[in-house]
Amino acid sequence: DTGVSQNPRHKITKRGQNVTFRCDPISEHNRLYWYRQTLGQGPEFLTYFQNEAQLEKSRLLSDRFSAERPKGSFSTLEIQRTEQGDSAMYLCASSLGGTSGRPQQFFGPGTRLTVL
Amino acid sequence: KNQVEQSPQSLIILEGKNCTLQCNYTVSPFSNLRWYKQDTGRGPVSLTIMTFSENTKSNGRYTATLDADTKQSSLHITASQLSDSASYICVVSGGSGTYKYIFGTGTRLKVLA
């Protein structure tokens, strides 16, 4: 399967714990995006990488959230000191594009986080 | 403010019937518009993409239309099937800056036997 993969698919944690999610994009894609989606809502943008550079972060990305893409391939999203409000589906997407334009994004299956 | 609004919020139809979902946007400048299908518990999958110059695009039983003048798009599903039950999300690309994908909140479609 050469699509976008995310691990784990499900994560249950207790409030206050740290969690880390991984996203492996389509191999030749240089852009990688993280989104958060709550029930009944569309995806909300969190952050975006072009290669290893984090080009934009949403205001939703509080100081408890950090994302990295150290080698321009896979990315990790860490949430520190989780809160119940962090419970959501975390989606990753990737695309192939230059410095301009809005190429098609391919989404992974998501990681569903439940904070107890 | 760049926004994408979808209607209805949810829809229930019988198998075999047709339906139309609406998307209105206020994104400027406009680049393109995509419709995604999202099954429960899965990531969105692209159905169609349209640029400013295109006013209709089909993908099997799915037909999307775009009126760039009125900033409206619709997704028409013909002869619905049970497997069409999903959320349909309209995403408009545009605006300024390095990232600009504006997501609608989606229409949740339920097809009943």
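Values below: all heavy atoms of this structure, side chains included; hydrogens, waters and symmetry mates excluded.
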Taking the side chain as every heavy atom from C-beta outward, state whether B/I89 and A/Q41 have any pair of such atoms under 4.5 Å apart. no
By a 4.5 Å heavy-atom criterion (distance strictly below it), what part of A/E44 contacts chain B: side chain, backbone, both, or neither? neither
Heavy-atom count around A/K11 NZ within 6.0 Å, excluding the residue itself: above 12? no
Would A/F107 and B/Y36 count as a close aromatic pair, with their ring centres under 6.0 Å? yes
Is it true that atom CZ of A/R15 has more than 12 heavy atoms of other residues, nucleotides or ligands lying nearer than 6.0 Å? no
I'd like to know if the side chain of A/R112 reaches the main chain of B/G41, judged simply by a donor and an acceptor atom lying under 3.5 Å from each other, with no hydrogens or angles considered. no
If hydrophobic clusters are built by linking Ile, Leu, Val, Met, Phe, Trp and Tyr wherever their side-chain heavy atoms come under 4.5 Å apart, do B/W35 and B/F52 end up in the same one? yes
Measuring from A/M89:CE to B/R42:CZ, what's the distance to the nearest 0.5 Å? 9.5 Å
Check whether any side-chain heavy atom of A/F45 lies under 4.5 Å from a side-chain heavy atom of B/F103, and answer yes or no. no
Within the supplied structure, the quantity of interest is the number of heavy atoms (other residues, nucleotides, ligands) at a distance under 6.0 Å from A/L39 CG; does it exceed 12? no
Check whether any side-chain heavy atom of A/P43 sits under 4.5 Å from a side-chain heavy atom of B/V91, and report yes or no. no
Just wondering, are more than 12 heavy atoms of other shown residues or ligands nearer than 6.0 Å to NZ in B/K71? yes
Can you tell me how far CD of A/Q105 sits from OG of B/S93, rounded to the nearest 0.5 angstrom? 7.0 Å
Crowding at CD, B/E5 (>12 non-hydrogen neighbours, <6.0 Å): no
Check whether B/Q9 gets within reach of chain A through its side chain, its backbone, both or neither, counting any heavy atom under 4.5 Å. neither
Hey, are the side chains of B/Y101 and A/Y48 touching, using non-hydrogen atoms and a 4.5 Å cut-off? no
Under 4.5 Å between side-chain heavy atoms, hopping through other hydrophobics if needed: is there a path connecting A/V4 to A/F74? no
